[in-house]
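Notes to accompany the following structure.
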Amino acid sequence: LPPPPRGGPHAPPPPRLAPPATPRVKTGTTLRWNHPAADDLWKTCRTMSPAHVDYDLIPYYVFADGVRTAFDKTCVRIGKETYRAVVLPGVEFIPAAVVERLRAFYNAGGIVVALNRLPTASCNGQEDERVCEAIEEIWGASASNQGHSAVQSHDQVGAYLAGLKVPDVRTPPGLERLLYCHRQLHGKDLYFFNNTGADQIATVVELHGVCGVPSLWNPVTGEIVQAPTYSLHKDMVRLELYLGEYESSFVVDDPDGPSL
């Protein structure tokens with residue numbers, strides 16, 4: 001998975017994804033391509049990206065650390081990053097401390113989504129009761145209903161998150177080869193669009209939560225031009241985007257930028 005542009009925080013609200021752990025995966029283990037846990041993590045990444053969901057992979061030990069990971073109302077804060085949802089890959093085993101933190105986030109009004117199935121046991125085999133209790137209080141009859149929880153299949157999670165207004169970029173349905181990520185830096189919104197296919201893309205994208213003049217930055221030549229065709233709406237910019245085969249482009253929305 002290519003790394004997104006760094007140097008600025010996520011533009012909320014992107015989901016956050018925690019990688020799997022099982023009794024067969026210990027701290028420091030190298031997950032080779034054919035390991036079941038690595039395969040499940042890859043399936044999850046392959047699902048989130050074509051669904052136009054911006055995300056980061058967060059280790060369990062970071063999410064379970066109350067100092068490094070804090071809950072601010074319905075958001076998760078890790079360093080300078082802010083996340084509106086947690087997506088848990090389909091795992092059977094999970095550390096008790098992690099699922100208890102998920103419960104705390106859910107009770108604070110957060111969005112928690114499990115892919116395909118719910119965990120049923122702890123990683124060390126000694127804390128199964130704690131895991132089952134927390135799972136029941138997020139997804140079961142004992143849930144507080146303070147947040148949003150769901151179990152979604154890989155092919156439905158994108159639509160589910162879109163229904164919760166999580167995506168900040170909207171593209172026409174079925175255009176899975178167009179991937180993007182979104183950051184905020186120095187008061188500007190930066191988007192990186194990538195055509196992962198051999199056919200050119202000519203489409204209209206909607207950038208939600210912004211209201212500035214968009215410009216196109218060529219990552220190869222460094223050329224910067226104002227977007228030739230766009231329209232401004234309330235809290236949204238509609239932009240015509242053209243990408244050749246395997247071509248990428250930065251779109252920068254500057255709320256203070258002049259229209260040329």
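Computed over heavy atoms, backbone and side chain alike; hydrogens, waters and symmetry mates excluded. Remember, predicted model here, so these are calculated numbers, not experimental data.
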Is any side-chain heavy atom of Leu216 closer than 4.5 Å to a side-chain heavy atom of Phe250?
no

Give me the one residue out of Leu241, Leu175, Val237, Val251 that meets side-chain contact (heavy atoms from CB on, under 4.5 Å) with Val205.
Leu241

Results of ring pair (Phe, Tyr, Trp, His ring centres under 6.0 Å) for Phe105 - residues two or more places apart only
Phe71

Taking every heavy atom of Cys132 against every heavy atom of Thr120, the minimum-distance pair comes out as SG-O, 3.6 Å

Salt-bridged, Arg130 to Glu133, with N to O below 4.0 Å?
no

So, applying side-chain contact (heavy atoms from CB on, under 4.5 Å) with Tyr106, which one of Ile111, Val86, Ile138 is it?
Ile138

Locate the shortest heavy-atom distance separating Ser144 from Asn107; write the atom from each residue and the value.
OG-OD1, 2.6 Å

In Arg84, His208, His182, the residue satisfying side-chain hydrogen bond (donor to acceptor under 3.5 Å, both in side chains) with Asp168 is His182

Distance-only donor-acceptor check, side chains Tyr83 and Asp56, under 3.5 Å
yes

Any side-chain heavy-atom pair from Val112 and Trp139 closer than 4.5 angstrom?
yes

Could you check whether Thr82 and Arg77, counting side-chain N and O atoms only, form a donor-acceptor pair closer than 3.5 Å?
yes

Does some side-chain heavy atom of Leu88 sit less than 4.5 Å from a side-chain heavy atom of Leu115?
no

Any chance you could measure Ile94, atom CD1, to Cys123, atom SG, to the nearest 0.5 Å?
7.5 Å

Which heavy atom in Asn194 sits nearest to a heavy atom in Ser248, and how many Å separate them?
OD1-OG, 2.9 Å

